[in-house]
Novice: 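Below you will find the structure I want to go over with you.
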Amino acid sequence: MIPAVPPVSHKTIMVYVPIVPGFIMRTSIASVTPDTPTAAVTGWVHEIRDLGGLAFILLRDRTGILQVTIPKKKVPEAVVETVRSLSKESVITVEGTVKAIEKAPGGRELVPERITLVSASESPLPLDVAEKVQAELDTRLDARFLDARRPRVAAIFQIRSRVQRTVHEFLYEREFINITTPKIVAAATEGGTELFPIAYFEKEAFLNQSPQLYKQMMIAAGFDRVFEIGPIFRAEEHNTTKHLNEATSIDVEVSFAGHEEVMQLLEDLVIACYRDVERDCPTQIAAIEYEAFAVPKPGFKRLQYKDAIDIAAPKLDEPIAYGDDLSTAAERAIGEEMGEHYFIVDWPTEIKPYYAMPYEDNPAVSKAFDLMHPRMELSSGAERVHQHDLLRRQIAAKGLNPDNFGFYLSPFRYGMPPHAGWGLGAERLVTTMLGLQNIREAVLFPRDRHRLVP
RNA sequence: GCCCAGGUAGUGUAGUGGCCUAUCAUGUCGGCCUGUCACGCCGACGACUCGGAUUCGAAUUCCGACCUGGGCGCCA
């Protein structure tokens with residue numbers, strides 16, 4: 001077990017105190033200030049600048065970069081020897097005196113008494129961590145562990161982590177129960193997308209496209225409010241900057257709620273994510289250099305589907321009519337018009353899944369919604385059908401056989417409460433929040449049409 | 001799945017039939033340099049995806065394969 005790191009007193013940091021075997025007490029780079037007297041810092045060699053009698057090493061860890069300054073005539077000979085043989089991206093421990101100095105980055109530099117090579121790096125490197133030359137995404141993903149050493153890249157995943165934490169906190173505060181549902185499933189019950197078939201002993205199985213049906217079963221179980229953040233799998237052969245074959249879905253389902261309530265919940269959650277990132281991740285936002293980062297304003301507009309069509313139609317070359325799904329061009333045209341986050345509501349029943357609730361007074365329209373960012377769809381949700389007979393009819397209306405939906409339909413026969421929910425794409429949320437050009441930037445190890453390793 | 005654009009040192013690039021013994025940057029190695037911060041300067045090293053064709057001659061043209069990026073479709 002790794003204990004929490006205790007606060008380190010500057011008097012003790014020169015001493016290695018093994019907390020547990022194999023773990024070394026060390027000082028993070030961000031905690032080294034101009035007032036720090038001495039420090040023992042372990043990190044990666046980001047850059048070496050050897051000026052002859054004077055050399056600089058930029059030492060990098062997760063928290064920042066520290067300049068190590070080596071006046072060769074004033075430091076031990078062993079230090080000079082070590083510096084001479086150092087390769088970039090090696091792991092070293094530097095122990096020495098901290099000097100406050102204006103012209104050093106961060107106003108301080110470390111003058112070493114001792115440098116220990118912890119783990120040498122080979123060269124050449126598969127890509128340049130210091131970003132003097134750019135690398136293409138393909139090259140970066142092949143060497144993702146090195147790519148992620150770049151502060152800009154690390155910042156994306158620190159922010160993504162912060163977003164996931166906010167989602168948990170936000171939902172726990174509202175008494176949601178965190179559930180985990182199977183990713184190996186028997187059949188393609190939901191429809192709409194291609195599934196990955198897998199061999200499951202002597203049976204055929206699939207990777208799940210969404211936890212939708214399981215969420216609803218736990219509503220039937222009386223869990224009231226459930227959520228799951230987990231992987232979803234889509235076997236579509238798409239080749240775009242906003243699709244993944246393995247994505248992370250933030251899925252929520254709420255009992256005794258209608259579509260308006262869960263839309264408000266979704267809006268509040270998205271804003272909370274932005275707000276927490278703005279508050280807690282200013283250095284990461286700066287590292288990403290996304291000037292346009294902004295917390296969305298509350299009160300996301302509700303755009304009716306039919307009005308969305310009216311906005312898109314005159315702007316498009318291709319004709320678009322009521323009842324059509326929104327093409328990429330249509331999505332973009334509407335996004336430009338709206339300019340910020342918005343909902344598209346009141347979708348035609350026929351282009352939404354069978355579990356979306358039709359309006360009682362107008363069954364051709366459903367209580368379904370999409371949450372849109374001007375660049376792409378982030379989430380879709382609906383008030384769900386909770387009446388068994390209506391659900392059977394809707395399944396049949398989609399050309400499917402309700403008799404094949406036994407395990408799904410059964411809960412609807414034994415006291416299913418009214419409920420509503422949504423699924424929010426975690427990668428799309430991060431991609432749009434940070435202005436990333438490609439959704440793969442928001443995934444450590446993306447799975448797309450061609451990439452299966454690493 | 002359809003369409004478009006590509007594949008040149010470790011990385012990112014220039015090069016549209018002979019001036020290519022292939023450009024530049026970065027990197028690596030060697031040398032010089034005590035305040036760099038994309039350190040600078042000198043020198044060296046290192047590449048045309050694969051197969052076939054055209055041609056006196058192919059990195060360059062053509063065909064095929066493989067790989068990559070992007071747009072569309074599908075999809076969230």
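Every chain is numbered from 1, with letters handed out A, B, ... down the list of sequences.
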Novice: If you look at every strand shown and take non-hydrogen atoms under 4.0 Å, does Lys73(A) touch a base, only sugar-phosphate, or nothing?
Specialist: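 Base, at least one base heavy atom under 4.0 Å.
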
Novice: How do Arg428(A) and Leu125(A) order along RNA chain B: which one's closest nucleotide is nearer the 5' end?
Specialist: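 On the 5' side of the pair lies Leu125(A).
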
Novice: Determine the contact category for Asp325(A): base if any of its heavy atoms lies under 4.0 Å from a base atom, sugar-phosphate if only primed atoms, P, OP1 or OP2 are that close, otherwise nothing.
Specialist: nothing

Novice: When you measure from the side-chain N and O atoms of Arg234(A) to the phosphate of C74(B), is any distance below 4.0 Å, counting only OP1 and OP2?
Specialist: no

Novice: When the aromatic ring centroids of His168(A) and Phe227(A) are compared, is their separation below 6.0 Å?
Specialist: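 Yes, the ring centres sit under 6.0 Å apart.
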
Novice: Return no unless some side-chain N or O of Lys132(A) is found under 4.0 Å from OP1 or OP2 of U11(B).
Specialist: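 So the side-chain polar atoms of Lys132(A) never come under 4.0 Å of the phosphate oxygens OP1 or OP2 of U11(B).
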
Novice: Applying a 4.0 Å non-hydrogen cut-off, can you work out what Glu109(A) is touching in the nucleic acid: base, sugar-phosphate, or nothing?
Specialist: base

Novice: Determine the contact category for Pro126(A): base if any of its heavy atoms lies under 4.0 Å from a base atom, sugar-phosphate if only primed atoms, P, OP1 or OP2 are that close, otherwise nothing.
Specialist: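 If one applies the 4.0 Å heavy-atom cut-off, Pro126(A) turns out to touch the sugar-phosphate alone, with no base involved.
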
Novice: Taking atom C1' in both G73(B) and C2(B), what distance in whole Å separates the two?
Specialist: 8 Å

Novice: Would you say the side chains of Thr240(A) and Arg449(A) form a donor-acceptor pair under 3.5 Å?
Specialist: no

Novice: Would you mind reading off the distance between Glu131(A) atom CD and C37(B) atom P, rounded to a whole angstrom?
Specialist: 19 Å

Novice: Mind checking the P distance from U36(B) to C50(B)? Whole angstroms is fine.
Specialist: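 Taking atom P in both U36(B) and C50(B), they lie 46 Å apart.
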
Novice: Side chain of Arg332(A) only, please: which of G12(B), G35(B), C72(B) is the nearest?
Specialist: C72(B)

Novice: Using the 3.5 Å cut-off, write out each protein N or O paired with an N or O of nucleotides 66-70 of chain B and the distance between them.
Specialist:
residue : atom : partner   : partner atom : Å
G70(B)  : OP1  : Asn438(A) : ND2          : 2.7

Novice: Is any side-chain N or O of Glu237(A) under 3.5 Å from a base N or O of G73(B), one able to act as donor and the other as acceptor?
Specialist: no

Novice: Between C24(B) and G15(B), how far is it from one P atom to the other, in whole Å?
Specialist: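 14 Å, rounded to whole Å.
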
Novice: Take atom P in C48(B) and the same atom in U60(B), then report the distance between them in whole Å.
Specialist: 13 Å

Novice: Does Thr328(A) have a side-chain nitrogen or oxygen under 4.0 Å from the phosphate oxygens OP1 or OP2 of G73(B)?
Specialist: yes

Novice: Whole angstroms only, please: what is the CZ-C1' distance between Arg449(A) and C74(B)?
Specialist: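 That distance rounds to 13 Å.
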
Novice: So Val80(A) and Val75(A), do their side chains get closer than 4.5 Å, heavy atoms only?
Specialist: yes

Novice: Would you say the rings of His259(A) and Phe369(A) are close, in the sense that their centroids are separated by under 6.0 Å?
Specialist: no

Novice: Using whole Å, report how far CG of Leu326(A) lies from P of C74(B).
Specialist: 11 Å

Novice: Angle class for the His238(A)/His243(A) ring planes (parallel below 30°, perpendicular above 60°, tilted otherwise)?
Specialist: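 Parallel.
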
Novice: Whole angstroms only, please: what is the CG-C1' distance between Leu58(A) and G35(B)?
Specialist: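 Taking CG of Leu58(A) and C1' of G35(B), I get 13 Å after rounding.
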
Novice: Is it true that Phe233(A) and Phe206(A) have ring centroids separated by less than 6.0 Å?
Specialist: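 Not under 6.0 Å, so no.
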
Novice: What is the separation between atom NE2 on His238(A) and atom P on C75(B), rounded to the nearest whole Å?
Specialist: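 For the pair His238(A) NE2 and C75(B) P, the rounded distance is 10 Å.
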
Novice: Starting at atom CD of Glu122(A), determine the distance to atom C1' of G27(B), rounded to an integer number of angstrom.
Specialist: 15 Å

Novice: For C37(B) and C62(B), measure between their P atoms and round to the nearest Å.
Specialist: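 About 47 Å, rounded to a whole number of Å.
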
Novice: Would you measure the distance from the C1' atom in G17(B) across to the matching atom in C3(B) and give it in whole Å?
Specialist: 30 Å

Novice: Heavy atoms only, 4.0 Å cut-off, all strands: where does Leu378(A) land among base, sugar-phosphate and nothing?
Specialist: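 Leu378(A): no heavy atom of the nucleic acid under 4.0 Å.
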
Novice: Classify the ring geometry of Tyr305(A) against Trp347(A): parallel below 30°, tilted from 30° to 60°, perpendicular beyond 60°.
Specialist: tilted

Novice: Any non-hydrogen side-chain atom of Thr36(A) less than 4.5 Å from a side-chain atom of Thr33(A)?
Specialist: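 In contact.
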
Novice: Could you tell me whether Ala247(A) contacts a base, only the sugar-phosphate backbone, or nothing, with contacts defined as non-hydrogen atoms closer than 4.0 Å?
Specialist: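 Counting heavy atoms under 4.0 Å across all strands, the contact made by Ala247(A) includes a base.
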
Novice: Determine the interatomic distance between C1' on U26(B) and the same-named atom on A38(B); round to the nearest Å.
Specialist: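 Pairwise C1' distance, U26(B) against A38(B), rounds to 10 Å.
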
Novice: Is the ring centre of Phe405(A) less than 6.0 Å from the ring centre of Tyr355(A)?
Specialist: no

Novice: Nearest-Å distance, CD (Glu331(A)) to C1' (G71(B))?
Specialist: 15 Å

Novice: Report the base-pairing partner of A5(B) (Watson-Crick or G-U wobble, both distances below 3.5 angstrom), or none.
Specialist: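 The base-pairing partner of A5(B), which may sit in any strand shown, is U68(B).
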
Novice: What integer distance in Å separates Ile320(A):CD1 from C72(B):P?
Specialist: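 It works out to 14 Å between those atoms.
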
Novice: Among G35(B), G12(B), C33(B), which nucleotide has an atom closest to any side-chain atom of Asp50(A)?
Specialist: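 So the side chain of Asp50(A) is nearest to C33(B).
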
Novice: Whom does G46(B) pair with, Watson-Crick or G-U wobble, provided both distances fall under 3.5 Å?
Specialist: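 G46(B) is unpaired by these criteria.
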
Novice: Mind checking the P distance from C67(B) to U28(B)? Whole angstroms is fine.
Specialist: 33 Å

